[in-house]
Amino acid sequence: MMPRRVDHGASETVHLTEQTFDEALMASQGLVMVDFWAEWCGPCRAIAPVLEELASEGRVTLMKVNVDENPELAARYGIRSIPTILFVKQGAVVDRVVGAVPKAVLHAIVTARA
């Protein structure tokens, strides 16, 4: 089963599941932001447009994991608070941000890692 994609204009957000996670990350070129979120999480909804805006700039790919639907992935990466954004490059986690942080913080990570 392929990851579900949501088109937001220039960038696509890839919704990952436990079945598609590893393959999707390994197939990705460059820097990937993996957003661990849930429908009921207010800060997750608040930061979502910021993540999509960063992804639309073309230097980073946005992938999302719903922690309610994929608890094993959340456990595997030690996700204890959401939103948590993992920055992954070449299959390895290179940075982690917990909470709804300002765009400048995320932009600085993308600039440094992309």
Side-chain angles (χ1 to χ4, degrees):
M1 182 165 95
M2 289 300 297
R4 194 169 36 136
R5 295 177 184 268
V6 178
D7 191 4
H8 292 282
S11 68
E12 284 187 343
T13 300
V14 180
H15 291 267
L16 301 174
T17 66
E18 287 157 3
Q19 293 77 28
T20 62
F21 187 85
D22 292 319
E23 183 180 341
L25 279 184
M26 293 311 287
S28 296
Q29 299 293 319
L31 188 64
V32 178
M33 286 187 297
V34 182
D35 177 23
F36 286 82
W37 69 286
E39 291 282 343
W40 49 264
C41 170
C44 298
R45 289 194 305 270
I47 201 170
V50 174
L51 298 176
E52 290 168 7
E53 186 178 329
L54 277 173
S56 73
E57 295 171 6
R59 297 176 63 201
V60 64
T61 301
L62 176 59
M63 298 185 180
K64 296 177 85 65
V65 175
N66 183 318
V67 297
D68 288 337
E69 296 172 1
N70 302 283
E72 288 86 7
L73 279 176
R76 178 171 149 191
Y77 286 93
I79 307 300
R80 291 186 172 80
S81 298
I82 54 173
T84 292
I85 297 98
L86 299 182
F87 289 85
V88 179
K89 193 166 188 176
Q90 298 175 334
V93 176
V94 295
D95 219 324
R96 172 187 293 243
V97 173
V98 179
V101 297
K103 181 182 177 186
V105 171
L106 299 169
H107 192 269
I109 294 170
V110 170
T111 300
R113 302 284 189 178

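Atom set for the values below is all heavy atoms of this structure, side chains included, hydrogens, waters and symmetry mates excluded.
Cluster membership for Ile85 and Val14, using ILVMFWY side-chain heavy atoms within less than 4.5 angstrom, is not shared. One hydrophobic cluster, built from ILVMFWY side chains closer than 4.5 Å, cannot hold both Leu62 and Met26; they sit in different ones. Under the 4.5 Å side-chain heavy-atom criterion for Ile, Leu, Val, Met, Phe, Trp and Tyr, Val34 and Val50 are members of distinct hydrophobic clusters. If you chain together hydrophobic residues whose side chains sit under 4.5 Å apart, Val110 and Val105 fall into the same group. Met63 and Val88 fall within the same hydrophobic cluster, defined by Ile, Leu, Val, Met, Phe, Trp and Tyr side-chain heavy atoms under 4.5 Å apart, directly or through other members.
Of the inter-residue distances, the one linking Gln90 atom CD with Leu31 atom CG reads 10.5 Å to the nearest 0.5 angstrom. The line from CG of Leu51 to CE of Met33 is 5.0 Å long, rounded to the nearest 0.5 Å. Distance check, rounded to the nearest 0.5 Å: CD of Glu57 to CD of Glu53 gives 6.0 Å.
The side chain to side chain contact (heavy atoms under 4.5 Å, CB included) test with Val65 singles out one residue from Thr20, Asn70, Asp35, Thr84, and that residue is Asn70.
Closest approach of Pro83 and Ala100 over heavy atoms only: CG-N, 3.9 Å. Closest approach of Ala38 to Asn66, counting heavy atoms only: CA-OD1, 4.3 Å. Looking at every heavy atom in both residues, Ala46 comes nearest to Pro49 through O-CD, 3.4 Å. Heavy atoms only, all atoms of each residue included: Gly99 and Ile47 are closest at O-CD1, 4.0 Å.
A heavy-atom distance below 4.5 Å is found between the side chains of Arg96 and Ile79. Counting heavy atoms from C-beta on, the side chains of Glu52 and Thr13 come closer than 4.5 Å. The side-chain heavy atoms of Pro71 and Glu18, taken from C-beta on, include a pair separated by under 4.5 Å. Taking 4.5 Å as the limit, every side-chain heavy atom of Glu69 sits out of range of all side-chain heavy atoms of Thr17.
Between Trp37 and His15, the angle of the ring planes goes over 60°, which puts this pair in the perpendicular group of the 30/60° scheme.
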inquiry  = Let's go through Arg59 and Thr111 carefully: what are the C-alpha distance in whole Å and the side-chain angles of both, what is the deciding distance for side-chain contact (heavy atoms from CB on, under 4.5 Å) to 0.1 Å, and is it a yes or a no?
reply    = CA-CA 8 Å; Arg59 297 176 63 201; Thr111 300; 3.6 Å; yes
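Judged by distance alone, with hydrogens and angles left aside, the side-chain atoms of Arg113 form a donor-acceptor pair with the main-chain N or O of Val94 at under 3.5 Å.
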